Amino acid sequence: METQWITEFPHTNMDKRPRKRPRLAWDIPPPVPPPKALPAIYCGQEFMSGVGSRNTGAPLYYKSQIRNGSPPWRNDDKDGHYVFVIGENLTLRYKILSKMGEGTFGQVLECWDNEKREAVAIKVVRSIQKYREAAMIEIDVLQKLARHDVGGARCVQIRNWFDYRNHICIVFEKLGPSLYDFLRKNSYRSFPIDLVRELGRQLLESVAFMHDLRLIHTDLKPENILFVSPEYIRVPDYKYMPRTTKDACYFRNLPLSSSIKLIDFGSTTFEHQDHTYVVSTRHYRAPEVILGLGWNYPCDLWSVGCILVELCSGEALFQTHENLEHLAMMEKVLGPLPPHMMVRADRRAEKYFRRGARCRLDWPEGANSRESMRAVWKLPRLQNLVMQHVDHSAGDLIDLLQGLLRYDPSVRLTAREALRHPFFTRDLRRGGHFF
């Protein structure tokens, strides 16, 4: 079998493929030309040139002038994001190498830790009070997880945190690409079912670990699950490849290691805390959240079910942007909503239903466009969707998904129950390889 080994999986700009759901835009800033005739300056720390350091193994980055070891003071941008320049310092200890991502919370920067001599990821939170407060809660959660996660196998490890120019900065170990990034680089081709099994097992073990600590993640999605290593292998995709071609589009990427970790605990909630009305990113949001029935641990398991479908199909299960359409998609894929949940929907959600002799979803009468109706009608039943993409283990996977995607959270599988499901316990690993 012809293979190609690759040791880096760069974050690149999102492609132009139309998708309904908004996604994090991972990017690499454009090159910054080095200043003309700028001499190397030593200001109490090592000066790193544009060709990297042979002694330390530091990654490449652009040359910049160091002013007393700290960049000049700049005002934040209009949204409260920290304004930085590649090659500058973030305190004396960390040098900025690149921008890895951006979200509502702030930015994630790749930095070189001059003390530990390693690359790290630093979450630089916006200088707005509510985000600063949320960051302090996240630090509390991360430290709790680190105390119990011996060896750091389940969740991203916090290295350090500090307050810099009114920005809370959280230092993390640097990991590989997210599951979503990997799917995107594969042109949204699905993962092999044996890899889906291994990823699902690790994900459920991490969720069970958090739930044992009385923590609810509330924002599980492929963007928040990262491979530990960026290395991957390129192999022929025989499902699409004609016999007489070696065109690159007929190859697929597979991770060299299947190890993953959870990230982004900014929305994580302790069981005893007050619960906000809405949680989870839209496409992974459980029905009890939409209906205003209250939520708890089971909302994480609904998200896991949606993620597993996405990994084995390549596309999000519910690609929608509003509640009524979302509920209609659920009914198309999973069957009718239970009457006892519809009648208990709170006043903000009762508009999605028609009352009368029989309470039912106000669909398709309440659809806001024919495009919305077509988006719902084209969806297959869950069983058919899985069988379109899975060659073996389809029956076990369908049964697992039906347990994770039960409407009623009181009868939805727990993480521990899901781990005991035949999809994971039956020996179908075929020698433990997924390629």
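All values derive from a computational prediction rather than experimental measurement.
- For the salt bridge (charged side-chain N to carboxylate O under 4.0 Å, His left out) criterion with E118, the lone passing option out of R93, R159, K174 is R159.
- Centroid-to-centroid, the aromatic rings of F423 and H421 stay 6.0 Å apart or farther.
- Checking side-chain atoms of N89 against main-chain N and O of K95 turns up no donor-acceptor pair under 3.5 Å.
- A donor-acceptor pair under 3.5 Å links the side-chain atoms of E331 to the main chain of L337, judged by distance alone.
- Pairing each heavy atom of I290 with each of Y277, the nearest pair is O-OH, 4.3 Å.
- The closest side-chain donor-acceptor pair between T281 and D219 falls under 3.5 angstrom.
- Summarising the geometry of G200 relative to L308, their closest heavy-atom pair is CA-CD2, 3.7 Å, with the distance given to 0.1 Å.
- Within the structure, salt bridge (charged side-chain N to carboxylate O under 4.0 Å, His left out) contacts touching residues 265-281 (residues at least two apart or in different chains) are R214-E271.
- When each of L382, L327, L379 is tested with K332 by the rule side chain to side chain contact (heavy atoms under 4.5 Å, CB included), just one qualifies, namely L379.
- In this structure, E198 contributes its side chain and V196 its backbone to no donor-acceptor pair below 3.5 Å.
- When every heavy atom of L361 is checked against every heavy atom of M342, the shortest pair comes out as N-SD, 4.1 Å.
- Using a 30° and 60° split on the angle between ring planes, Y180 and Y188 fall in the tilted class, from 30° to 60°.
- Side-chain contact between H217 and V207: absent, with no pair of heavy atoms (C-beta onward) separated by less than 4.5 Å.
- The aromatic rings of F191 and F227 sit perpendicular, their planes meeting at an angle over 60°, well past the 30° parallel limit.
- No donor-acceptor pair under 3.5 Å is formed between the side chain of Q157 and the backbone N or O of D149.
- A distance-only check finds a donor-acceptor pair linking the side chain of K261 to the backbone of G152 [under 3.5 Å].
- Under the 3.5 Å distance criterion, the side-chain polar atoms of H283 are matched with a main-chain donor or acceptor of T320.
- Side chain to side chain, N160 and Y94 meet the donor-acceptor criterion of an N or O pair below 3.5 Å.
- A donor and an acceptor atom, one from each side chain of S393 and D396, are nowhere located under 3.5 Å apart.
- For the pair S206 and R154, the tightest heavy-atom approach, listed with the atom from each and the gap, is OG-O, 3.4 Å.
- Although no hydrogens or angles enter the test, the distance criterion places no donor-acceptor pair under 3.5 Å between the side chain of R189 and the main chain of G314.
- Partners of S259 by side chain to side chain donor-acceptor pair (under 3.5 Å), not counting sequence neighbours, listed by chain and number: S257.
- Considering only heavy atoms from C-beta on, F318 stays 4.5 Å or farther from V309 through its side chain.
- The nearest pair of heavy atoms linking E325 to H321 is OE1-N, 3.9 Å.
- Side-chain contact check for N296 versus P409: every heavy-atom pair is 4.5 Å or farther apart.
- Judged purely by atom type and a 3.5 angstrom limit, D346 uses its side chain to pair as donor or acceptor with the backbone of R348.
- The backbone N or O of I216 lies less than 3.5 Å from no partner atom in the side chain of T269, so there is not a single donor-acceptor pair.
- Classification of the Y164-Y82 ring pair by plane angle, with boundaries at 30° and 60°, yields perpendicular.
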